[in-house]
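Any value given below was found using the heavy atoms of this structure, including those in side chains, with hydrogens, waters and symmetry copies removed. Start at 1 and go down the list; that is how both ligands and their atoms are numbered.
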Amino acid sequence: MELRTELPVIFEQFAEQRKNSFLHVKELKDKGIPVVGVFCTYFPQEIAMAMGACVVGLCSTSDETIKDAERDLPSNLCPLIKSSYGFALTDKCPFFYFSDLIVGETTCDGKKKMYEFLGEFKPVHIMELPNRQSEDGYQMYRNEMIRFREALESHFGVTITEDQIRKAIHVRNEERKALKSLYELMRLDPVPMKGEQLYSVLFGSTFRFDKEQVAKDIYALIEKVKAEYSEGKHLEKMPRILITGSPSSGGAMKVVRAIEENGGVVVAYENCGGSKSCDELVDESDPDVYGALARRYLNIGCSCMTPNPNRFDLLGRMIEEYKPDAVVEIVLQACHTYSVESLKVKRFVQDNYNLPYLKVETDYSTSDIGQINTRVSALIEML
Ligand code: BJ8
């Protein structure tokens with residue numbers, strides 16, 4: 001059964017949020033509010049929020065500027081890196097244009113080397129991210145939190161107090177809790193919404209700057225979804241798919257669309273647009289705000305960690321909670337860390353849960369949609 005109510009309009013509003021925020025950022029900028037552009041889930045938003053800055057995501061996910069990027073960058077590079085660099089280079093991304101400072105982390109090789117070129121036309125601050133979740137690693141990332149606070153203070157001529165950071169931690173935690181409550185609705189079988197609709201809210205909310213209001217809006221949406229569900233307004237039962245791997249926004253959403261157009265439904269995202277960003281909260285009871293931030297962020301199970309046990313911990317929990325019938329891994333082309341780690345994911349999913357696993361390597365073009373449809377529909381028919 002399709003949703004025939006006001007919900008699709010609300011999902012649409014979230015889906016349009018990125019575009020609508022272009023104007024909003026300009027208004028904030030005109031009011032003198034600093035804008036910090038970021039690329040990664042390891043970025044500790046709370047420190048920038050503590051000084052009242054507006055944090056905007058700069059990862060671009062369309063192939064519109066890839067040709068421009070390939071003038072400077074190798075063509076066999078991840079499309080997310082090329083697209084982001086291309087939008088910056090051609091000044092086609094308003095968020096990049098309005099950013100006063102760009103912050104990157106030393107995650108994958110392609111991204112960290114690309115930042116060196118970005119630094120030629122914008123101020124860039126790099127946070128050194130350890131590749132291991134060890135005690136030394138936490139200590140090092142804690143020091144990086146302090147170095148980042150100092151960089152903001154000197155770049156913008158402000159003072160950032162621990163109390164301000166603590167308040168920002170609380171606001172972000174509340175937003176995470178709200179988003180988590182929303183995606184947990186997908187534990188229901190049949191599901192209350194499509195995976196693409198869920199993603200439009202998860203992704204769109206990252207472009208809302210009124211973080212306290214976001215949580216309230218998400219809870220209001222949850223209430224509406226629950227009310228409609230109890231009236232029997234939900235989708236039919238269908239094969240449930242869990243998505244993992246590289247970020248699935250923008251051009252890569254073609255994989256999610258292929259699943260949902262071929263009779264399946266995406267019930268969960270174990271990636272940076274989904275649970276990687278929301279699963280763990282920052283410990284508000286820890287008197288050491290920098291330590292609490294370092295621990296929470298470094299715990300993210302991205303494949304740039306080695307080894308990467310936290311990804312498997314989260315993936316295992318999600319398989320148990322969302323009960324997927326199969327796992328589909330999206331790997332962006334030339335994303336070596338996710339691509340290499342995919343063998344472990346395949347073994348984990350097949351050996352521990354006896355679930356089918358499909359790896360889809362793709363970019364932001366539309367050239368492989370036919371092939372993706374064929375592979376995905378074969379998977380879904382089998383379920
Ligand atoms: S925490 S997933 S946002 S690094 S897809 S650019 S890894 S080659 S985006 Fe990522 Fe942070 Fe990790 Fe998340 Fe490199 Fe792979 Fe491209 Fe990637």
At a 4.0 Å threshold, what atoms of ligand 1 neighbour a non-hydrogen atom of T107? 4 (S)
For atom 14 (Fe) of ligand 1, what's the nearest protein heavy-atom neighbour? Residue, atom name and distance, please. C108 SG, 2.3 Å
How close does the nearest protein non-hydrogen atom get to atom 12 (Fe) of ligand 1, and which residue and atom is it? C302 SG, 2.3 Å
Which of K26, H24, K19 passes side chain to side chain contact (heavy atoms under 4.5 Å, CB included) with F22? It is K19
Any heavy-atom pair between the side chains of E46 and L293 that's under 4.5 Å? yes
S21-Q17 side chain donor-acceptor pair, cut-off 3.5 Å: yes
Applying side chain to side chain contact (heavy atoms under 4.5 Å, CB included) between Y141 and each of E105, Q133, E128, R295, report the one that passes. E105
Looking at L332, which atoms of ligand 1 are within less than 4.0 Å of one of its heavy atoms? 5 (S)
Ligand-residue contact atoms, ligand 1 with C272, heavy atoms, under 4.0 Å: 1 (S), 2 (S), 3 (S), 13 (Fe)
Closest to atom 11 (Fe) of ligand 1 among protein heavy atoms sits C40 SG, 2.3 Å
Contact region, I81 to ligand 1, non-hydrogen atoms below 4.0 Å, reads side chain
Tell me, please: is P247 in heavy-atom contact with ligand 1, that is, under 4.0 Å? yes
Is any side-chain heavy atom of R347 less than 4.5 Å from a side-chain heavy atom of N352? no
Students should be able to answer this: which protein heavy-atom is nearest to atom 16 (Fe) of ligand 1, and at what distance? C78 SG, 2.3 Å
Tell me the closest heavy-atom pair linking Y357 and S342, and the distance in Å. OH-CB, 3.3 Å
Of the backbone atoms (N, CA, C, O) and the side-chain heavy atoms from C-beta on, which set of C304 has a member under 4.0 Å from an atom of ligand 1: side chain, backbone, both, or neither? neither
Kindly compute the distance separating CG (D286) from CD1 (I169), expressed to the nearest 0.5 Å. 8.5 Å
Flag the pair R71 and D68 as a salt bridge only when some basic side-chain nitrogen lies within less than 4.0 angstrom of an acidic carboxylate oxygen. yes
Against heavy atoms of Y338, which atoms of ligand 1 measure under 4.0 Å? 2 (S)
With heavy atoms under 4.0 Å as the rule, classify the contact between T41 and ligand 1 as side chain, backbone, both or neither. both
Protein contact to atom 10 (Fe) of ligand 1 [nearest heavy atom, distance to 0.1 Å]: K111 NZ, 3.7 Å
